[in-house]
Amino acid sequence: MIPLPQVKLFEYPKYWAECYGSAPFLPMSRQEMDQLGWDSCDIILVTGDAYVDHPSFGMAVIGRMLEAQGFRVGIIAQPDWHSKDAFMSLGKPNLFYGVTAGNMDSMINRYTAERRLRHDDAYTPHNEGGKRPDRAVLVYSQRCKEAYKDVPVVIGGIEASLRRIAHYDYWSDKVRRSILFDAKADLLIYGNAERPLVEIAHRIAKGEDVRTITDVRGSAFLAKQPLPGWKGIDSRNIDKPGKIDPIPSPYQDMTATSCDSNKAESAAAEPAKDVSKTPQVIEISEHISAKVRNKNWDNKAKPWLTTYINLPTYDQVKNNKVLYAHASRIFHQEVNPGSAKPLVQSHGDRIIWLNPPAYPLSTEEMDGVFGLPYQRVPHPVYGDAKIPAYDMIKTSINIMRGCFGGCTFCSITEHEGRIIQSRSQESIIEEIEDIKEKVPGFTGVISDLGGPTANMYKLNCKSPKAEATCRKPSCVWPTICGHLDTDHTPTIELYRKARNVKGIKKVLIASGVRYDLAVEDPNYVKELARHHVGGYLKIAPEHTEEGPLSKMMKPGMGSYYRFKELFDFYSKEAGKKQYLIPYFISAHPGTTDMDMINMALWLKENNFKLDQVQNFYPSPLANATTLYHTEVDSLKNVKKNSAAVTVPKGGRQRRLHKAILRYHDPANWPIIREAITKMGLARKLIGSKEGCLVPAESRAEKNLQYSKGKNNAKGNKTSPGQKTHGRKGTGKGKANPGLTRFSSNQFNDRKKSGAKPGRRQGQNPK
């Protein structure tokens, strides 16, 4: 079982400023501070988003949480970063600045997957772009230091979380050092920040120097050397990387590092041991076994409580992709709050010390966080301006946090963790009542009851021992873990209570449904289809082919077909015409051109025409980003015979993969025809006969090319135009689990041969 913290979130003694009570809105100006009777702010939060006082906006949650502890909290939202003036608008904070880029990483917010500048921003009034800088956390932190040099700066939010150690940066195409070095901040908090931030705030308020606060879970800091009293082990003793290229060896200049100065020389000379024979690993394993059979487990020594892991240095991971893959693998193994060890990574003559993750919030604490006095509307300073992100979620409710899916392209695990933290039904029903009272123009429709995943509410590990020590990256891949509780009864009961609230006409589920979990409880699918779908339900197969799916850590299409069968059956039983909207990713690591062709053929056979297609976006620290950067399979032990991962890189190949998914768009036909021809499949896939993907070039196209003097079939001046309106797919086609997989070496004409198509690899519908 994950241990409980010493002090619960709402049990700290209140700061003296509690006497001021709660503010209608956290102040954004000196005038508002004067109206509240404040002479100063204790904590000032700086954010890249507009201030919306809603529990779906991180700064509102953090601000209200700190206010509940008795602190006077001000907000500087989307400041002009070109000088320090805007950062001084609320005066000097008594305790510290808290800095975040906002609900989104600023680089993902500002740039497309093809590194093109966006001209809109859903978190800004009027959807206006350009209101936050690139790498906003870094810029804001530096301006705070310029404004008041002696005021501590604590950075957090998803941008800081994903950059807490050396990481590959897609936009500069290089490995960057931890953001703490460039931001000049004093502390970094990663993940959902309530627990570590509240502890840090109270300790600074009591007079502690921020530089001495080194033991808070969920935080990271810079130091000259490891903390006293801790022993270090080299990461290569835990998960020994093996060379990929025999000549030259990428490890011939590699020196093992040790945090124990007395053992530095011996550690460097000692060869890396096999993980199965590593003393530290055996010791931990023995104690885990002892826990099962020994009632005195709590009195036993736990080596991970006094041991940290030395990761390869910044210079090593910057210059050696295999070591980067190895460091990523170790990083993702140390995410369990019950057993994770601190991580240390040297950057020149300093280190970054990364404490283990904060303990997850209890249901009682989650209820407290979401029960704070949110106004549920934007700050009045914005007037009638529309903020698209708010309009999207103003009547939605977050019922849980975390995700144990472990999808490699997703950053939820790195930020929120694998352990599901759920609210009580009573708390959720109270929020519905709050929406009815506070949201202007409420029509009686709750737009979503969900979270990172719609149907993980109250699903947790059934084994406390396993939960406290497990290092698996996913509870549902490659198969659903036997320890995982898949009973959806709490979710079903919640749905029923929510739709029976007086004044509620409809409760929709807009968060993505994890369908491989849903099929484990058909009653959930029945409840969903009968009452909570507004005609279309979005789910995310992400791909149809086994190669990319294995690198996404997503289930095979067999689960999709089983879910579709249940969904269609219960929809028909309820007398409703409802359709699935599948989401797909193009150009993901592990995807070949043939994989994309096979997926497009599946889409065509099932009558899906996608208007919006997402190319893979390498976000910092994600497992898939490691695959993209290194082309090494870090999901497994990196060994001598490790196979390279196929990675679609370069603008042209990424455009091709995106174009193939929109096979129905005439603008994409030239680039698709060219690719098919190069693959030697033109006779099978180009034309008007059954089974072809795109039609042959028409006379009108030829005339157009001739008039332009360009041959678009060769890629000149061709761009796969993308529409951004409409739904992703109609979902009206009937799924066909027997669609044949094609390869360039085996491409049979099914119509001529009359052979029945075989089952695709990885599909085994029950």
Verify the distance criterion only: is there a donor paired with an acceptor across the side chains of [X] and [Y] at less than 3.5 Å?
X: Asp121; Y: Asn109; answer: yes
X: Asn455; Y: Thr491; answer: no
X: Asp53; Y: His379; answer: no
X: Lys497; Y: Gln425; answer: yes
X: His588; Y: Gln614; answer: no
X: Thr124; Y: Gln78; answer: yes

Are any non-hydrogen side-chain atoms of [X] and [Y] less than 4.5 angstrom apart?
X: Met65; Y: Val369; answer: yes
X: Arg132; Y: Tyr123; answer: yes
X: Tyr170; Y: Tyr111; answer: no
X: Leu621; Y: Ser411; answer: no
X: Phe96; Y: Ile43; answer: yes
X: Arg110; Y: Arg118; answer: no
X: Lys92; Y: Ile44; answer: no
X: Val154; Y: Asp186; answer: no

Is the distance between the ring centroids of [X] and [Y] under 6.0 Å?
X: His126; Y: Tyr382; result: no
X: His532; Y: Tyr495; result: yes
X: Tyr374; Y: His54; result: no
X: Tyr140; Y: Tyr97; result: no

Measure the spacing between [atom1] of [X] and [atom2] of [Y] and express it to the nearest 0.5 Å.
X: Ile62; Y: Ile189; atom1: CD1; atom2: CD1; value: 8.0 Å
X: Ile428; Y: Ile432; atom1: CD1; atom2: CD1; value: 8.0 Å
X: Glu414; Y: Arg164; atom1: CD; atom2: CZ; value: 7.5 Å
X: Ser89; Y: Lys84; atom1: OG; atom2: NZ; value: 13.5 Å

Taking every non-hydrogen atom, the tightest pair across [X] and [Y]:
X: Ser511; Y: Lys538; answer: C-CE, 4.2 Å
X: Lys14; Y: Ala68; answer: CE-O, 3.0 Å
X: Phe608; Y: Pro582; answer: CE2-CD, 3.5 Å

Using a 6.0 Å cut-off, check whether atom [atom1] of [X] has over 12 heavy atoms from anything other than its own residue.
X: Glu433; atom1: CD; value: yes
X: Glu11; atom1: CD; value: yes
X: Lys131; atom1: NZ; value: no
X: Lys576; atom1: NZ; value: yes

Donor-acceptor pair, side chain of Asp367 and main chain of Arg423, under 3.5 angstrom: no
List the steps, then state whether salt bridge (Lys or Arg N to Asp or Glu O under 4.0 Å) holds for Arg496 with Glu527. CA-CA 9 Å; Arg496 290 173 179 171; Glu527 192 76 15; 3.3 Å; yes
Candidates Asp49, Thr100, Asn103 - the one meeting side-chain contact (heavy atoms from CB on, under 4.5 Å) with Met59: Thr100
Taking 4.0 angstrom as the limit, do Asp611 and Arg662 come out as a salt bridge? yes
Walk me through whether Arg143 and Asp80 qualify under salt bridge (Lys or Arg N to Asp or Glu O under 4.0 Å). CA-CA 10 Å; Arg143 290 291 180 264; Asp80 180 357; over 6 Å; no
Name the orientation class of the two ring planes belonging to Trp171 and Tyr617 (parallel below 30°, tilted from 30 to 60°, perpendicular beyond 60°). tilted
Between His202 and Phe71, how do the two ring planes meet: parallel, tilted or perpendicular, split at 30° and 60°? tilted
Excluding sequence neighbours, so at least two apart, what forms side chain to side chain donor-acceptor pair (under 3.5 Å) with Trp16? none
